[in-house]
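Scroll down for the structure; my scribbles are underneath it.
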Amino acid sequence: MVVPLHWHNEPLLLLSLLAAGWVYALGTGPLRARVAPPGTPYSVGRAVAFYAGIIVTYLAVGSPLDQFGEDYLFSVHMVQHLILVYVSPPLLLWGLPWWLVDAALGRPWVKMLARPFLHPAVCCMSFILIFALWHLPEFYESALRSRPIHILEHAMIFFTALQMWWVFMGPSKVFPPCKYPVRILCAFLLTAAHMPILGLLTFSDEPLYRTYELAPRIIPGLDAKQDQVLGGAVMEMTAAAVSVGLLGWSMWGWMKDDERRQSRPKSLPVSPGVKTH
C-alpha cells in the first residue's frame with residue numbers, strides 16, 4: 001500500500017531546536033571570550049557532534065519516521081524512542097564544552113536547582129522508570145491518541161535519557177561524570193532495566209496496543225503481535241549492546257585511571273634533621 005509521507009514542522013519543535021543551536025553558536029562564538037578560559041580553542045569536532053545531535057533529534061520526531069511509528073508499526077515507534085535515548089543525547093552532551101555548561105551551572109541558584117536532578121541515583125532511576133511507564137498500554141495509547149501527550153512522552157524520554165548519559169559523560173566540572181564504580185553499577189542496572197518491558201511485549205497472548213492491532217498492515221505477513229515482538233527484540237538488543245559498551249568503557253577507564261595513579265612518582269620520606277632545598 002502507498003503511505004502518504006509528511007514532515008512535522010510544528011513551531012514548538014522547530015523553535016526549540018533552532019534556539020538550542022543559536023545559544024550554542026552564541027556561547028562558542030561571540031561569548032566564548034567571556035565564559036571560556038583564556039586561549040581556549042574552538043573545537044570543530046564537538047560542534048559537529050552537537051549539531052549532528054540536533055539534526056538526529058529532528059529526524060526522530062519530525063520526519064516520516066514519526067508517522068510510521070504513530071500510525072502503523074510499533075517496531076518503528078520503538079526505533080524512534082531508541083534514537084531519542086541512545087543517539088541524540090550522547091551526541092549533544094559530547095558536543096557541549098564544559099566551560100559553556102558551567103557558565104550556567106556555576107551560578108549558585110542554578111547549581112542548587114540542578115543538584116537533585118543530576119544525582120546519579122536520580123539520573124539512572126528516572127530514565128528506567130519513565131521509559132517503562134510510557135510503554136505500559138494505558139499511557140502508550142493515550143500518547144498515540146493525543147498530540148500534546150505524545151510530545152510530553154517524547155520530551156520525558158529524551159530528557160531522562162540526558163540524565164542517564166550524564167552519569168557517563170556529563171560535560172561539567174561543577175557536576176562531573178560519576179566515578180567509575182558508580183558508572184559500572186549504572187551500566188549493570190541499564191542491562192536489566194528493559195527486561196520487564198521485553199517480557200511484557202514478548203509473552204503477552206494478544207497485542208498490547210489497540211492502535212497497531214487496527215492499523216493497516218503496510219508490511220505483508222507482519223501482524224500486530226509479530227510487530228510487537230520485533231519492537232521488543234530491537235529494544236533489548238540495542239539496550240544490551242549500549243549497556244555492555246558502557247560497562248566496558250567504564251572498566252577500561254577505571255583501569256587506566258588506576259595505572260596513572262600508580263605511575264605517579266611518590267615523594268620519599270625526609271629523615272629528621274635533613275635539610276631539603
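The figures that follow rest on heavy atoms only: side chains count, while hydrogens, waters and symmetry mates do not.
Using modelled atom types, one finds a donor on one side chain and an acceptor on the other under 3.5 Å when comparing Ser204 with Gln228. Asp223 and Tyr212 are not linked by any side-chain donor-acceptor pair at a separation below 3.5 angstrom, with hydrogens and angles left out of the test.
Judged purely by atom type and a 3.5 angstrom limit, Tyr24 uses its side chain to pair as donor or acceptor with the backbone of Gly95. Listed for the Ser16 side chain is a donor-acceptor partner under 3.5 Å among the backbone atoms of Leu12. Here the side chain of Glu153 pairs no donor or acceptor atom with the backbone of Tyr140 at under 3.5 angstrom. Of the possible donor and acceptor atoms, one in the side chain of Tyr209 sits under 3.5 Å from a partner among the backbone N and O of His135. Put simply, the side chain of His8 never gets that close to the backbone of Glu10: no donor and acceptor are under 3.5 Å apart. Asp227 places a side-chain N or O within donor-acceptor distance of the main-chain N or O of Phe74, the cut-off being under 3.5 Å.
When all heavy atoms of Val35 and Gly27 are compared, the pair lying nearest together is CG2-O, 4.1 Å. Annotation for Thr238 and Leu82: closest pair OG1-CD1, 3.7 Å, computed over non-hydrogen atoms. For the residue pair Leu13 and Gly62, the shortest heavy atom distance occurs at CD2-CA, 4.0 Å. Pairing each heavy atom of Ser250 with each of Arg183, the nearest pair is OG-CB, 3.4 Å.
The 12-atom threshold is not exceeded at CZ of Phe188, counting heavy atoms of other residues, nucleotides or ligands nearer than 6.0 Å. Dense packing is recorded around CH2 of Trp7, with more than 12 heavy atoms of other residues, nucleotides or ligands lying under 6.0 Å away.
One hydrophobic cluster, built from ILVMFWY side chains closer than 4.5 Å, holds both Met235 and Leu65. At a threshold of 4.5 Å between side-chain heavy atoms, the hydrophobic network of Ile, Leu, Val, Met, Phe, Trp and Tyr places Phe117 and Ile157 in two separate groups. Clustering ILVMFWY residues whenever any of their side-chain heavy atoms sit less than 4.5 angstrom apart, transitively, puts Leu185 in a cluster other than the one holding Val122. Hydrophobic clustering (side-chain heavy atoms under 4.5 Å, transitive across Ile, Leu, Val, Met, Phe, Trp, Tyr) groups Val85 together with Leu133. Hydrophobic clustering of Ile, Leu, Val, Met, Phe, Trp and Tyr side chains at less than 4.5 Å, counting indirect connections, unites Tyr180 with Met251.
Applying the salt bridge (charged side-chain N to carboxylate O under 4.0 Å, His left out) test to Glu70 and every residue at least two apart in sequence or in another chain returns Arg147.
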Stepwise side-chain contact (heavy atoms from CB on, under 4.5 Å) test for Phe158 and Leu92: CA-CA 11 Å; Phe158 175 73; Leu92 293 169; 3.5 Å; yes
Side-chain donor/acceptor pairs under 3.5 Å, residues 239-247, sequence neighbours excluded:
| unit_1 | atom_1 | unit_2 | atom_2 | d |
| --- | --- | --- | --- | --- |
| Ser243 | OG | Ala239 | O | 2.8 |

Using atom types as modelled, flag every donor-acceptor pair under 3.5 Å from a side chain in residues 96-103 to any protein atom, sequence neighbours excluded.
| unit_1 | atom_1 | unit_2 | atom_2 | d |
| --- | --- | --- | --- | --- |
| Asp102 | OD1 | Ser172 | OG | 2.5 |
| Asp102 | OD2 | Lys173 | N | 2.8 |
| Asp102 | OD2 | Val174 | N | 3.4 |

